[in-house]
Amino acid sequence: MDTFVVEKDEDTAYILEKKSGEIKLGANGVAMLSYTEYMNVFPDSERAKQYGELVRKLANGILELQDSETGEYTHVLDYPSYELIEKFRTIYYDGEATFALVRAYEVTKDERFLNGAVKAVEHFIDNDYAKWRDHWVSYALFEVTKHVPRPEFYEFALENADKNLEAIYKRAESIPTRLELFMLSWRTYQRALADKIDSDYIKDYDPTRFAQTIYYRARHMLNGYFAPEIAMYMKAPENIVGSFMIRDDDFRVRIDDTQHFIGGYYFYSQYYHEFREFLSDEFIQGLEE
């Protein structure tokens, strides 16, 4: 995809997709996540110092695409007119933008960005975003609650997983983003317990079914792993062995899908010891039968 940064004015920037002539909310969000991650890993580098100003401008671009009263985002603009193309395109953009605003706040300490993220989360709650089963919403809630530990935010972070446990448990497809959703929700839930968040919903929640679903999904997702004995039947096995595919979409291999598989399994391995204590040996053995 051919993209580059365009500046609307001296304080506001967007990521432009040149081929379509579109400015997308999600593009600003994902770009900011990339820049801020680099800044976190290489904080003293010259490039990191340069990225700080760009992140600020891109975050201002997101705020321009947000209704400051309701927290709702606008998704796609035309370039160079900046006229509206689509108010809403995909649910992913909302979580990406909100996640990015928190990262921008951490880099710049500009309260406007954190306030924008808070308004977005309030919009998510008011509009029952848990129905979308979106992993980006889980990322956003994990980040927002670090700085704004409101009980209703923590409750929604858990509900985003809890309301979808049965539907996802029974889903035949791999869908790697579901494991990311669960792991981010689990991490947020554990922080809520550690910080003794004042919420009966959090305190009374039984994590057993949650832990079982995490374990089951991680196990089931191995159906998407290109083991040598599967890759050998493909046209160019040397190019795909050890990667991940979407089995129900003609064994599709795509870089973003692979990233989601790796991201989910990374968090799974990091926090396995936490949810393993809620899994009985009988449950695990039952899956092997």
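- Ion pairing between a basic and an acidic side chain is recognised when a charged N comes within 4.0 Å of a carboxylate O; Asp162 and Arg209 show no such pairing.
- Each of Trp136, Tyr93, Tyr73 was checked for a side chain to side chain donor-acceptor pair (under 3.5 Å) with Thr98, and the lone residue meeting it is Tyr73.
- Aromatic ring orientation, Phe124 versus Phe156: tilted (interplanar angle from 30° to 60°).
- Between the side chains of Arg247 and Ser174, no donor N or O sits under 3.5 Å from an acceptor N or O.
- Salt bridge status for Asp128 with Lys131: absent, with no side-chain N to carboxylate O gap under 4.0 Å.
- Partner His123 forms a side-chain contact (heavy atoms from CB on, under 4.5 Å) with one of Ile125, Val121, Asn127 and no other, that one being Asn127.
- For Glu173, the side chain to side chain donor-acceptor pair (under 3.5 Å) test picks out Arg171, with sequence neighbours left out.
- Note on Arg252 versus Asp250: no salt bridge recorded, every NZ/NE/NH1/NH2 to OD/OE distance being 4.0 Å or above.
- Residue Phe153 qualifies as enclosed at atom CZ: its count of foreign heavy atoms under 6.0 Å is above 12.
- Ring-plane geometry between Tyr38 and Phe42 is classed as tilted, the angle between the planes lying from 30 to 60 degrees on a 0 to 90 degree scale.
- The structure places CG of Asn28 at 10.5 Å from CD of Glu64, a figure rounded to the nearest 0.5 Å.
- Using cut-offs of 30° and 60° for the angle between ring planes, the Tyr205 and Tyr189 rings count as perpendicular.
- We find that Lys24 and Asp78 are not joined by a salt bridge, their nearest charged nitrogen and carboxylate oxygen being 4.0 Å or further apart.
- For Glu274, the side chain to side chain donor-acceptor pair (under 3.5 Å) partners two or more places apart in sequence, or in a different chain, are Trp186.
- Ring geometry for Phe261 against Phe244 counts as parallel: the plane angle stays under 30°, on a 0 to 90° scale with 60° as the upper cut.
- Using bins of under 30°, 30° to 60° and over 60° for the plane-to-plane angle, the ring pair Tyr82/Tyr14 lands in the tilted bin.
- Between Arg150 and Glu122 there is a salt bridge, since at least one side-chain N of the basic residue sits less than 4.0 Å from a carboxylate O of the acidic one.
- Using a 4.0 Å cut-off between charged nitrogen and carboxylate oxygen, Lys119 and Asp67 do not count as a salt-bridge pair.
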